[in-house]
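What follows is a set of notes on a single structure, which appears directly below.
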Amino acid sequence: MNDAAPPSTNDLLTAVLFGPNFRQEHRFWRRLLTTEPFRRPGGGTPDERLALSYHRLRILNDALDSGARLAADPRALAALHEWLGPVDPALTTVAGIHYNLFLGSLLDHDAGAPRDVSDFLALRRVGTFLCTEVAHGNDAAAIETTATYDRERDGFVLHTPHAGAQKFMPNTSPAGGPKSGVVAARLLVDGADHGVFLFLVPLTDAHRALPGVRVRRLPPRMGSPVDHCLTSFDRRFVPRGALLAGQQGRVGDDGRFHSEVPNRRMRFLASIGRVTPGKLSMSACAVGSARVTLAIAVRYAGHRMISGSRAVGRIPVYAHRTHHGPLAGAMATVYAMSLLHRRALDRWESAPEADRGEAERLVAVAKGWITWQARTVIVECRERCGAQGLLENNGMTELFTGIEGAITAEGDNLAVHAKAAAEMLFSATAPEPAEDDGPGGLDDPAFLGRLFAAVEDLWFARARERMAAAPPGDPLGRWNAASSAALRGVEAHACRQADEAYAEAVASLPEGAARQRLSELRRLFALRWIAHNSGALLASGRLTADQVTFLPDAVEDAVAVVAEHTPALVETFALPERLMSDWPIAGPGYADVYDDPEGSWHRGRRAGIRGRAAEFRRPVCGSRRRPLREKVAALGTRGVLLAYWGTTSMLSRWFEKPQVSVDESVRPKA
């Protein structure tokens, strides 16, 4: 038992990306997406693809030991998004809504009075979440849908007072089966407004909206099809038990409102606590999508051959610095995204109550930075694949539009970062200069780490200066003066957190190739960020003029080192080969996908019908096997007759000759 081989370089780096419990947290999802129901389909209308996503949701649900356990486990929810997001963004959207926002909200409330959720666990009813409205997105605390307590019927009447209060973009159509929703509405009891609470409301049966509920499909959004709708209520009655109660408030048997939280905003935040695991899930989805896109681009760059010099002949496009340079930079960024995501997840899950606010802010900052970085990586990788990257069958366009949804979901990135910027700006104090805070060497990881902190401090110091210089008595004007610099400070904070996660990961690895590769990635990530902020660092004395002059060369050297190992680093993503085969350009035989059985280059075959335009058909699930009818059409009538005549002639001669007994020896002819 002591003779087990030590983990390989790839195994060690995979553990860095996914955490030490890779098998327990990720193996189920990794295996699930390689099963036949989850392979990439070929074509289909938007409605057919939407139906497929809901069909897959039921297959996924049947594969779980408990949907409630998934809803209660933020790590499992993040892993779901990390693996399924690149495969089927629509499925990932409806699954995240059902398990996290809907089912998770039900389980988080009324702990003392368990609710029957069996229909939702068995997916006899699909859950959705209705919070934002046409006129209220990031200011969801100001929503205007009302839930008025009716004493006579002991329940609540949900009502949409005007067009701006319609619920915006929930997946509330009957597509996928009967739906129920957790609806955010303003609780009114005896004329008093107690703030926004959540209510469980049946919305549709298998065919149409229920009485008192109006559902209208929104125009198609770019990317994967989801049944986004406008939803409104016309005095829709629900019983008192529909209120998702807790310490933030409840309506008792006496018909009176009781709450342990006096502040209406805090009640709202307590009600929508599931948004934080949702942010973690959006980060995970972005990380997974960026990994897949980078893997496709790197593999394509390795087998896409172009003309080189006469002495060299044809070479892979990856050989050019202009091509492998951006991909090497993307690799350093993808590792940083992965490490920051794990850091935010670990801190939020383990934070004591006193540090909960800071941990939630890190989750929000990480979500914004990671999803923005994912968009940059995906766009770069798409460009490196040229026109091939524009085709839907190669997957990149779907991932690009999918990441746009993640940037907006669970809080728009800019609004989320602006909130974090204000909190950090007003709570920050000017840092005391450290003894070792002066210029150091660009080859010193500790010095580079201090520069990350210096950039963050410089931007927040500039924001405080601009706020102090603004005219007094105008809070909005003061914030506007400081906001741009403060947002740069939030970005710097995210980068510093990513670098610290890099440093911890490097320190956790034993001496060897894996530690060397991760150190090289960290150095490239750091040098690119420092080069981006070299002017501010030079002006503050954190960098010398010689260092700023040398920075471009240092970045180029780091790119060359990382680029050499980038194809091997793709293997640390642990992407199953069966998954990668569903994207044609990820394989060396990608040109075969475009083969035409009726093309003139097939000299041994004749066109089935002359003059007919041949339609390109993508192989289903990456397979290159053609159906029998296509093989017959490729042979043509004459070819079929010749094949038939040849086969019957051989069989007739075989039956006419004497058969060889088991005792006779058979010798090959000379």
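Counting from 1, the numbers follow the sequence of the chain as shown.
Using a cutoff of 4.0 Å between basic side-chain nitrogens and carboxylate oxygens, D190 and R256 are not scored as salt-bridged. Residues R186 and E144 are not paired through a salt bridge, judged by the lack of any N-O separation under 4.0 Å between the basic side chain and the carboxylate. Looking at R240 and D154, a side-chain N of the basic residue comes within less than 4.0 Å of a carboxylate O on the acidic one, giving a salt bridge. Under 4.0 Å is where a charged nitrogen must lie from a carboxylate oxygen, and between E358 and R347 no such pair does. By the 4.0 Å N-to-carboxylate-O rule, E349 lies close enough to R75 to be salt-bridged with it. Between K279 and E410 no salt bridge is recorded (no basic side-chain N to carboxylate O distance below 4.0 Å).
How far CG of L17 is from NE2 of H341: 11.0 Å, rounded to the nearest 0.5 Å. Note: T371 OG1 to D412 CG = 9.0 Å, rounded to the nearest 0.5 Å. Rounding to the nearest 0.5 angstrom, the gap separating the CZ atom in R250 from the NE2 atom in H258 is 9.5 Å. Distance check: L107 CG to R69 CZ gives 12.5 Å after rounding to the nearest 0.5 Å. With values rounded to the nearest 0.5 angstrom, L269 atom CG is found 12.0 Å from R267 atom CZ. Taking CG from D499 and CZ from R496, the interatomic distance works out to 9.5 Å, rounded to the nearest 0.5 Å.
For the pairing with V182, the side-chain contact (heavy atoms from CB on, under 4.5 Å) check across V201, L106, L130 returns one residue only, L106.
For R361 (side chain) and K419 (main-chain N/O), no donor-acceptor pair under 3.5 Å exists by modelled atom type. Distance alone, capped at 3.5 Å, places no donor-acceptor pair between the D139 side chain and the A142 backbone. At least one donor-acceptor pair closer than 3.5 Å links the side chain of S259 to the backbone N or O of V261. With hydrogens and angles ignored, the 3.5 Å screen pairs a side-chain donor or acceptor of T35 with a backbone N or O of L32. Proximity of a side-chain donor or acceptor of R125 to a complementary backbone N or O of G177 within less than 3.5 Å is not detected. Side chain of T92 to main chain of G85: a donor-acceptor pair is present (N/O by atom type, distance under 3.5 Å, no hydrogens or angles). Of the possible polar contacts, one joining the S66 side chain to the A68 backbone as a donor-acceptor pair under 3.5 Å is found. The backbone N or O of G278 lies less than 3.5 Å from no partner atom in the side chain of K367, so there is not a single donor-acceptor pair. One N or O on the side chain of R151 and one on the backbone of G255 form a donor-acceptor pair closer than 3.5 Å. Put simply, the side chain of R31 never gets that close to the backbone of H26: no donor and acceptor are under 3.5 Å apart.
Considering only residues two or more places apart in sequence or on other chains, A418 meets the side-chain contact (heavy atoms from CB on, under 4.5 Å) condition with W479, L487. For A147, the side-chain contact (heavy atoms from CB on, under 4.5 Å) test picks out F156, L158, A185, F199, with sequence neighbours left out. V157 is linked by a side-chain contact (heavy atoms from CB on, under 4.5 Å) to D150, R153, R235, F237, counting only residues two or more places apart in sequence or in another chain. In this view, Q24 and N21 satisfy the side-chain contact (heavy atoms from CB on, under 4.5 Å) rule, not counting sequence neighbours. Residues meeting the ring pair (Phe, Tyr, Trp, His ring centres under 6.0 Å) test with H417, sequence neighbours left out: W372.
The shortest heavy-atom contact between M169 and L218 is CG-CD1, 3.6 Å. When all heavy atoms of P178 and A206 are compared, the closest pair comes out as CG-N, 3.9 Å. Nearest heavy atom pair, residue L121 against residue N61, reads O-ND2, 2.7 Å. Heavy atoms only, all atoms of each residue included: R274 and A72 are closest at NH2-CA, 4.1 Å. The heavy-atom pair separating S289 from I378 by the smallest distance is CB-CD1, 4.2 Å. Across all non-hydrogen atoms, the minimal contact from I143 to C131 is CG2-O, 3.6 Å.
The aromatic rings of H194 and F257 sit parallel, their planes meeting at an angle under 30°, below the 60° perpendicular limit. The aromatic rings of F22 and F18 sit tilted relative to each other, their planes meeting at an angle between 30° and 60°.
Side chains of S338 and R291 form a contact here, defined as non-hydrogen atoms less than 4.5 Å apart. Annotation: side chain of D193 is not in contact with side chain of L187 (no heavy-atom distance under 4.5 Å). Side-chain contact between L200 and R115: present, with at least one pair of heavy atoms (C-beta onward) separated by less than 4.5 Å. V377 places none of its side-chain heavy atoms less than 4.5 Å from the side chain of T293. Looking at heavy atoms from C-beta onward, H228 lies out of side-chain contact with R217 at the 4.5 angstrom threshold. Residues N171 and T93 form no side-chain contact, since every pair of their non-hydrogen atoms from C-beta on lies 4.5 Å or further apart. Between V117 and L103 there is a side-chain heavy-atom pair separated by less than 4.5 Å. The shortest distance between side-chain heavy atoms of T572 and Y335 falls below 4.5 Å.
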TODO: In sequence, state the C-alpha distance, the side-chain angles, and the governing distance for L91 and F38, and then conclude on side-chain contact (heavy atoms from CB on, under 4.5 Å).
DONE: CA-CA 10 Å; L91 164 67; F38 292 88; 3.6 Å; yes

Task: Check against side-chain contact (heavy atoms from CB on, under 4.5 Å), V183 and L198 - done: CA-CA 5 Å; V183 181; L198 302 181; over 6 Å; no

TODO: Show the numbers, then the answer: is there a side-chain contact (heavy atoms from CB on, under 4.5 Å) between R216 and S173?
DONE: CA-CA 8 Å; R216 295 183 294 151; S173 82; over 6 Å; no

TODO: Begin from the C-alpha positions of L340 and I370 and carry the test side-chain contact (heavy atoms from CB on, under 4.5 Å) through to its verdict.
DONE: CA-CA 8 Å; L340 179 57; I370 288 171; 4.3 Å; yes

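Residue pairs meeting the salt bridge (Lys or Arg N to Asp or Glu O under 4.0 Å) criterion with at least one member in residues 84-102, sequence neighbours excluded: R56-D88.
If you check the side chains of R214 and Q166, you find no donor sitting under 3.5 Å from an acceptor. Between the side chains of T172 and T231, at least one donor-acceptor pair of N or O atoms lies under 3.5 Å. Counting only N and O atoms by type, the side chains of Y99 and D73 include no donor and acceptor under 3.5 Å apart. With no hydrogens or angles considered, no side-chain donor-acceptor pair links T34 and R39 at under 3.5 Å.
Heavy-atom contacts from other residues, nucleotides or ligands closer than 6.0 Å to CZ of R124 number more than 12. Atom CG of D254 is surrounded by more than 12 heavy atoms from other residues, nucleotides or ligands within 6.0 Å. Within a 6.0 Å sphere centred on NE2 of H162, heavy atoms belonging to other residues, nucleotides or ligands number more than 12.
Taking the ring centre of W348 as origin, the terminal cationic atom of R356 falls inside the region bounded by 6.0 Å and 45° from the ring axis.
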